[in-house]
6 protein chains.
Amino acid sequence: MKAKKASETLAITTKVVLPNDTNTLGNLFGGQLLAWMDVIASVSAHRHCRRVVVTASVNNVSFKEPIEHSSIVTLEAKVSRAFSSSMEVFVDVFVEDQVSGQKRKSNEAIYTFVAVDQNGGPIQVPELIPETKEEKHRYMGALRRKQLSLILAGKMDPSEATELKALFFKEGEA
Amino acid sequence: MKAKKASETLAITTKVVLPNDTNTLGNLFGGQLLAWMDVIASVSAHRHCRRVVVTASVNNVSFKEPIEHSSIVTLEAKVSRAFSSSMEVFVDVFVEDQVSGQKRKSNEAIYTFVAVDQNGGPIQVPELIPETKEEKHRYMGALRRKQLSLILAGKMDPSEATELKALFFKEGEA
Amino acid sequence: MKAKKASETLAITTKVVLPNDTNTLGNLFGGQLLAWMDVIASVSAHRHCRRVVVTASVNNVSFKEPIEHSSIVTLEAKVSRAFSSSMEVFVDVFVEDQVSGQKRKSNEAIYTFVAVDQNGGPIQVPELIPETKEEKHRYMGALRRKQLSLILAGKMDPSEATELKALFFKEGEA
Amino acid sequence: MKAKKASETLAITTKVVLPNDTNTLGNLFGGQLLAWMDVIASVSAHRHCRRVVVTASVNNVSFKEPIEHSSIVTLEAKVSRAFSSSMEVFVDVFVEDQVSGQKRKSNEAIYTFVAVDQNGGPIQVPELIPETKEEKHRYMGALRRKQLSLILAGKMDPSEATELKALFFKEGEA
Amino acid sequence: MKAKKASETLAITTKVVLPNDTNTLGNLFGGQLLAWMDVIASVSAHRHCRRVVVTASVNNVSFKEPIEHSSIVTLEAKVSRAFSSSMEVFVDVFVEDQVSGQKRKSNEAIYTFVAVDQNGGPIQVPELIPETKEEKHRYMGALRRKQLSLILAGKMDPSEATELKALFFKEGEA
Amino acid sequence: MKAKKASETLAITTKVVLPNDTNTLGNLFGGQLLAWMDVIASVSAHRHCRRVVVTASVNNVSFKEPIEHSSIVTLEAKVSRAFSSSMEVFVDVFVEDQVSGQKRKSNEAIYTFVAVDQNGGPIQVPELIPETKEEKHRYMGALRRKQLSLILAGKMDPSEATELKALFFKEGEA
């Protein structure tokens with residue numbers, strides 16, 4: 001199974017915020033954005049493994065600033081790391097200024113997908129090769145996030161989570 | 001501002017999975033469930049503070065087993081803890097067996113909402129009073145999750161996250 | 001086939017009124033509410049018989065007061081009586097005051113469902129046991145409503161509709 | 001205010017049943033049809049009075065036979081009678097045989113609308129002039145249905161419902 | 001295969017413009033109207049041939065004036081000419097004045113459909129018989145439009161497009 | 001008003017075909033694709049002029065091969081030429097092979113948009129600078145298409161359509 005470059009998994013979609021996507025204040029609903037992110041992230045994961053993929057978990061989604069009705073919103077999804085049958089995908093969301101056309105980043109989210117066969121059983125996916133500085137940074141962080149999620153789910157002993165532990169102690173501390 | 005009991009914030013919704021909610025395997029899309037959870041969680045947060053609320057972040061969403069087309073899905077949302085202007089909300093998802101009517105838990109998610117005024121500025125919310133064992137457990141965990149999210153966002157020094165640190169060290173270890 | 005209590009058939013759903021659910025005056029469309037009521041009523045009927053159910057008729061739906069955009073609307077459905085293969089379901093609709101949180105009843109409707117097999121043929125359903133005062137009141141009325149609908153459809157001779165006739169004559173009149 | 005002919009209020013719409021409109025058996029959901037009927041009935045009522053109209057009640061909706069996925073469904077709505085500020089509208093639903101093109105009637109429903117001003121207050125509507133035999137038949141029945149609904153709502157003494165009472169007694173009986 | 005009259009292929013649908021159908025200016029989106037026209041045009045083509053039909057091309061759609069939120073829009077589709085397995089369909093769009101009820105024509109479009117068997121292969125359709133003056137005019141134009149489309153697609157030598165060529169030269173010119 | 005390069009107007013969106021987007025044969029509806037193309041084309045036109053844009057006309061849309069349920073579809077829109085207040089936009093549609101990931105072009109369409117002010121009146125847009133061979137080819141063709149549409153609308157005398165006329169006559173012919 002041939003490893004793939006992160007850049008080969010890039011998936012882009014552009015949306016216009018319609019009235020039904022908005023809340024009382026006239027801004028994009030969090031829930032609608034979550035659904036949009038899920039679809040484009042699944043396309044990215046599919047491009048990595050060319051199999052049916054299903055959402056396994058979602059984390060680190062933050063909504064920093066409101067996105068107004070009729071905004072143009074662009075979502076970019078890219079696989080950050082592949083484990084045996086799962087893939088971590090980052091989704092970056094950008095909003096375009098109506099007048100200047102400047103894009104500002106408004107959201108970020110981390111989705112995990114699992115590749116499955118027709119019975120829904122997990123199947124092996126290719127490895128991911130990060131190339132740019134950001135791709136490498138996210139690739140490194142993926143392991144720490146995986147450890148954290150295993151600990152929180154009670155499936156890993158915290159003392160084994162070497163990568164994660166390092167977060168809490170500056171060099172030589174513990 | 002009078003504190004409220006967790007039980008007063010309970011919000012329930014029941015859905016039937018329609019064709020358009022399903023993926024290639026005929027199971028409920030993760031993205032659709034994320035959107036449904038966001039709406040019912042926002043109702044729960046609104047019941048706590050009686051103000052307009054907007055999604056601030058989403059975490060710990062896991063999708064353990066597929067939910068089939070035409071399943072009856074029930075979502076229960078309850079505020080787990082209130083901070084100054086934010087509220088952490090747990091959403092528990094149950095699927096009903098078509099024949100026996102038995103409900104099994106299929107998903108769980110943690111959403112955070114912020115109460116805002118008409119200009120979108122944050123405003124104070126009441127405190128939350130947990131009563132049941134599960135409500136107290138989630139109330140305690142909320143602080144640890146808040147510390148973790150502040151650290152991951154680079155807004156807190158790990159050494160100050162006393163509650164969280166305890167996770168990594170059994171008594172007397174460090 | 002074991003009889004079931006009315007309380008076992010309760011189905012609840014909570015909705016937020018979105019822009020596309022509203023008419024020119026900015027209030028919830030009657031048609032959208034009818035569709036929501038149908039879904040939750042079918043869940044209630046399904047909970048009674050655990051079979052596929054299809055809508056057979058709708059009656060007595062009244063829309064007393066407008067429901068505004070972004071209102072929180074709760075629908076509660078409960079089987080009121082079971083006949084051989086059909087079930088009468090009451091749906092009560094409540095709207096929540098944004099500030100006080102007080103719920104006021106805004107609508108009521110009566111749906112009838114038939115339990116069917118995979119070919120769409122009608123199949124037997126369990127009997128219903130009413131317990132509360134309101135459940136008993138609705139259980140009694142169901143027979144009268146069934147007679148009325150049979151008469152209006154020309155399938156029953158009015159003189160046989162003993163229950164219904166009583167409506168028109170105070171004691172001893174005819 | 002000039003009276004209008006029933007034929008001037010005719011409103012027609014043709015729909016194709018899509019996957020999301022169908023239930024587990026692959027047939028059109030009752031709830032979806034109720035929503036479609038409400039929209040076209042409101043167009044008919046609007047054509048009668050040229051004002052904003054809101055749904056007041058729904059009755060006598062029966063679902064006799066299943067309508068399959070990708071069927072072509074035609075709904076015809078026509079005002080059957082106008083009272084001071086309300087209009088009773090009949091909706092007839094026809095399904096078209098895919099091969100022969102023959103239309104068969106599959107459903108019928110009676111909606112009532114009220115004409116309102118911008119504050120939602122009721123306003124006067126023109127009278128309706130029935131012309132065909134069916135229009136006259138429905139026009140006559142409208143009064144009986146209005147009496148019945150007033151009685152059921154406890155707003156009319158059954159002994160005053162002359163028209164309706166006649167239903168229960170063959171000539172000279174009471 | 002028996003030829004059919006144009007009038008037998010008429011398909012009508014009436015829509016109310018909802019918030020989600022509108023753009024920033026509060027007017028009906030072109031894209032939504034294109035989708036509505038496609039559905040009703042496919043019903044018209046289906047009525048001509050009683051087979052599954054798929055959209056082959058769209059042309060000459062013009063959007064002359066904005067259609068406002070909550071307008072009542074009526075689409076009328078009629079086959080203008082049938083070729084071996086394809087049918088050209090005209091869609092005329094009318095908007096109804098809220099107060100006077102006057103209908104004004106707001107759009108026109110030309111869709112082409114192909115009749116297909118269950119494998120998607122093209123199959124023969126009946127001929128069309130135009131009767132009214134407008135039906136005959138559109139029937140004649142259909143050939144010219146077909147030539148034009150074949151030329152633009154590089155599938156016909158312009159010198160053979162006799163009908164079309166006539167457009168560019170008044171009598172005796174070339 | 002500074003001219004813009006065609007490449008600055010590129011807008012991309014990626015969609016997954018859901019059940020409700022499909023017809024009886026399980027393939028993407030033409031009408032749904034038309035709506036998707038309209039939205040992304042409007043984003044491209046907006047990127048050119050940074051004003052509100054409304055659809056003015058649609059032409060040359062062809063549907064060559066069916067697109068199956070759950071396909072990944074990518075739409076790329078780019079302005080091909082700007083006239084005083086209008087912009088011609090090409091939309092190219094690609095479908096991705098599920099296994100190989102190869103993209104094949106499945107559709108093409110030409111939309112025209114007009115830039116408008118808040119009252120819907122037309123306003124000036126910048127000129128477009130084509131750079132690649134394909135951009136230049138489409139830029140040249142735009143004038144011919146504009147002439148053709150003016151002639152068909154009876155707004156231009158065919159003898160003045162120099163560019164278009166050339167199509168029908170090889171060198172020196174007329």
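Throughout, a chain's letter reflects where its sequence line sits, starting with A, and its residues are numbered from 1.
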Pairwise distance CG(C:Leu143) to NZ(C:Lys146) - rounded to 0.5 angstrom: 8.5 Å
Exam field: side chain D:Gln32 to backbone D:Asn20, donor-acceptor pair closer than 3.5 Å: no
Under 4.5 Å from any heavy atom of chain D - which part of C:Asn23: side chain
Under 3.5 Å side-chain donor-acceptor pair for C:Ser57 and D:Ser62: no
Portion of C:Val54 that has a non-hydrogen atom of chain D nearer than 4.5 angstrom: side chain
Check: C:Val53 and C:His48 side chains under 4.5 Å, non-hydrogen atoms: no
D:Asn27 side chain reached by D:Ile67 side chain, heavy atoms, under 4.5 Å: no
Ion pair D:Glu134/D:Lys78, N-O distance below 4.0 Å: no
Contacting region of D:Val52 [heavy-atom separation from chain C under 4.5 Å]: side chain
Side chain, backbone, both or neither of D:Glu65 within contact of chain C (heavy atoms, under 4.5 Å): neither
Chain C contact via D:Val114 - side chain, backbone, both or neither, heavy atoms under 4.5 Å: neither
Close side-chain approach of D:Glu76 and D:Leu10, heavy atoms under 4.5 Å: yes
For chain D, the option from C:Val58, C:Thr24, C:Thr55 that forms the most heavy-atom pairs under 4.5 Å: C:Val58
Contact origin within D:Phe113 toward chain C - heavy atom pairs under 4.5 Å: neither
Most chain D-contacting option - heavy-atom pairs closer than 4.5 Å, from C:Gly30, C:Gly120, C:Gly141: C:Gly30
Top of C:Ala109, C:Ala35, C:Ala56 for chain D proximity - count of heavy-atom pairs under 4.5 angstrom: C:Ala56
